[in-house]
Structures are given as C-alpha cells and as structure tokens.
2 protein chains.
Amino acid sequence: MGISKTEHFTDKQNELASLLKALAHPARIAILEHIIKVNACICNDIVNELPLAQPTISQHLKELKNAGIIKGNIEGNAICYCIDEKVIGKLQKIFSGYEMKIEKKRSCC
Amino acid sequence: MGISKTEHFTDKQNELASLLKALAHPARIAILEHIIKVNACICNDIVNELPLAQPTISQHLKELKNAGIIKGNIEGNAICYCIDEKVIGKLQKIFSGYEMKIEKKRSCC
DNA sequence: AAATAATATCGTAATATTGCAATATAGATA
DNA sequence: TATCTATATTGCAATATTACGATATTATTT
C-alpha cells in the first residue's frame with residue numbers, strides 16, 4: 001500500500017506523526033541544525049553546505065516549511081529561512097510529557 | 001529514488017532521523033501512547049485496540065522494537081511489550097537542546 | 001534589455017513504506 | 001497429541017519518498 005490509515009487515529013496522533021515525518025530525514029535534520037546554528041540563512045547557503053542538488057534541498061525546505069518547522073522571508077531574490085519556535089517547542093513538550101508518564105509508572109520488562 | 005544519502009551526514013543526524021522515522025506513523029504513535037497508558041500490554045491488546053490487521057500491528061511493533069523505543073518480554077505464548085525509557089528520554093533531551101538554542105538567538109523572520 | 005543569481009517546479013527513475021491475506025511458529029490447554 | 005491462542009514471517013499490490021536534470025520564475029546587476 002504505502003498509504004496510512006489516518007482516519008482511524010486521533011487528530012493529535014496524525015499531527016504528531018506528520019510532524020515527525022517532516023523531520024525524519026537526515027538532510028532535514030542537517031538543515032534544521034544548520035539554521036539553528038547560524039540563526040538564519042538563505043537557501044543557497046544550505047545548498048553549499050549539504051551534498052545534495054539544489055532542487056533536492058528546495059524540496060526538503062518545502063517540507064520543513066509545510067510542517068511549520070521553518071519559515072521563509074523573501075529578501076530580494078533570495079529567501080531567508082529561520083526556525084519557527086512553536087513547532088519545535090510543541091515537540092519538546094510532547095516528549096517531556098511522554099517521559100513524565102513513563103517515569104511515573106515503570107515496572108514490567 | 002527513495003533512498004537517502006545517509007553517508008554524507010553525521011552519525012547523530014542519521015540516528016535521529018532513523019528514530020523519528022520509527023515514530024513517524026500514526027499507528028506507531030497510537031501504539032506508543034497505548035503502552036504508556038496501560039504501562040505494559042501484549043500484542044493482542046493492541047490488535048484489539050487499533051483498526052489494523054494483526055500482521056500490520058506486528059510489523060509496526062517490530063519497527064518500534066528495532067528502534068529501541070519498546071522492548072518485549074516473552075510471557076508464555078504471548079509477548080509483553082513496554083516502553084524503553086532511554087530512547088524517549090534521548091528524544092526529549094534533543095528537542096530540549098534545540099529549543100534552548102533557538103530561544104537564545106531568535107531575531108530574523 | 002540582456003545577463004546573472006537564487007529559488008521553485010516538473011517529470012521521472014529508483015527505492016521505500018504500508019497493509020493484509022496466507023501461512024508458519026510456538027506455547028498453552030483440553 | 002490435537003487444538004487453540006498469540007505472534008511472526010512471507011509475498012505482493014498500491015502508494016509514497018527521494019534525488020536530480022531540465023526548465024521556469026523572479027529579482028538583481030550590468
């Protein structure tokens with residue numbers, strides 16, 4: 001198949017899975033980390049930084065942008081990308097929540 | 001293609017991407033959340049809980065187990081699954097780290 | 001206005017993922 | 001030992017993802 005049966009899960013579960021999928025690629029992690037490091041940069045900086053062709057970088061940036069993880073501002077003929085704190089913050093909260101619940105219970109295995 | 005050029009990225013980046021991929025499916029999020037909720041359960045509980053066929057659940061469990069997110073103990077003819085705290089803890093720390101770095105800088109867009 | 005620079009989009013080939021029926025395996029129980 | 005119960009594996013069809021060459025778009029520079 002290759003298609004996920006999203007209709008049976010909660011909106012939160014689908015959203016989280018979708019966010020994680022947007023980050024679940026080493027190039028997109030590398031892009032995220034590079035933007036965090038330099039605070040903001042244009043697409044071409046990333047093309048020079050990573051060993052991938054320009055259309056491939058553009059595609060990865062689009063996915064990160066669609067997920068709300070980064071945002072881009074037009075600056076002349078370039079586009080300045082930076083992190084949108086909200087989504088990373090959301091992920092951090094979700095994993096903190098998981099960890100707290102797991103710590104409370106434990107036992108078993 | 002469909003193949004990722006992992007050889008050009010750091011081990012940490014590849015590992016994180018791989019972990020996130022293991023969680024990047026609503027069924028696997030639902031499985032994780034169910035196990036957290038009930039602390040530990042056998043595969044069949046999940047089959048009854050989720051609207052997916054037994055082989056599909058088994059496949060998702062395998063991926064979560066390979067990623068180290070859950071672990072399974074044989075109990076008679078059933079297998080008792082529970083969370084391995086280490087990996088969720090690792091993810092929580094990584095996202096906390098990202099958030100701290102982002103908060104420190106900010107500006108731009 | 002032409003050339004250049006930065007980015008996006010399209011089309012496509014290679015590969016990966018998802019879901020499940022059919023079947024295998026292994027322990028429990030009658 | 002035959003049957004039942006729980007889980008895993010195999011094989012396959014449908015779909016998604018990844019990567020990139022070719023090309024389009026848009027703004028800047030000459």
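Below, chains carry the letters A, B, ... as their sequence lines are ordered, and counting in each starts from 1. Keep in mind it's a predicted model, so treat the numbers as computed, not measured.
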(message) Heavy-atom nearest nucleotide on DNA chain D for A/Gln54 versus B/Gln54: which residue maps closer to 5'?
(response) B/Gln54

(request) For the side chain of A/Asn44, starting at C-beta, report the closest nucleotide among D/dT15, D/dG21, C/dT7. (result) C/dT7

(message) Using the side-chain heavy atoms of A/Lys21, tell me which of these nucleotides is nearest: D/dT7, D/dT17, C/dC20.
(response) D/dT17

(message) Each nucleotide in nucleotides 25-30 of chain D should get exactly one letter: B, S or -. Can you fill that in based on protein heavy atoms under 4.0 Å?
(response) --BS--

(request) Following the transitive rule for hydrophobic clusters with a side-chain heavy-atom cut-off under 4.5 Å over Ile, Leu, Val, Met, Phe, Trp and Tyr, establish whether A/Ile29 and A/Val87 coincide in one cluster. (result) yes

(request) Give the nucleotide from the list C/dT7, D/dT18, D/dA16 with an atom nearest to the side chain of A/Ile3. (result) D/dA16

(message) A side-chain contact here means heavy atoms from C-beta on lying under 4.5 Å apart; do A/Leu61 and A/Arg28 qualify?
(response) no

(message) Do the side chains of B/Glu15 and B/Lys90 get close enough for a salt bridge, i.e. N-O under 4.0 angstrom?
(response) yes

(request) Among D/dC20, C/dC20, D/dT7, find the nucleotide with the atom closest to the side chain of B/Leu52. (result) C/dC20

(request) For side chain to side chain contact (heavy atoms under 4.5 Å, CB included), just list the numbers for A/Asn73 and A/Ile79, CA-CA rounded to whole Å, side-chain angles, deciding distance to a tenth of an Å, and then say yes or no. (result) CA-CA 5 Å; A/Asn73 264 33; A/Ile79 295 186; over 6 Å; no

(message) Checking B/Asn44 now: which residues fulfil side chain to side chain donor-acceptor pair (under 3.5 Å) with it, not counting sequence neighbours?
(response) B/Asn48

(message) Contact list please: residues 55-67 of chain A against DNA chain D, heavy atoms, distance less than 4.0 Å, in numerical order.
(response) A/Pro55, A/Thr56, A/Gln59, A/His60, A/Glu63

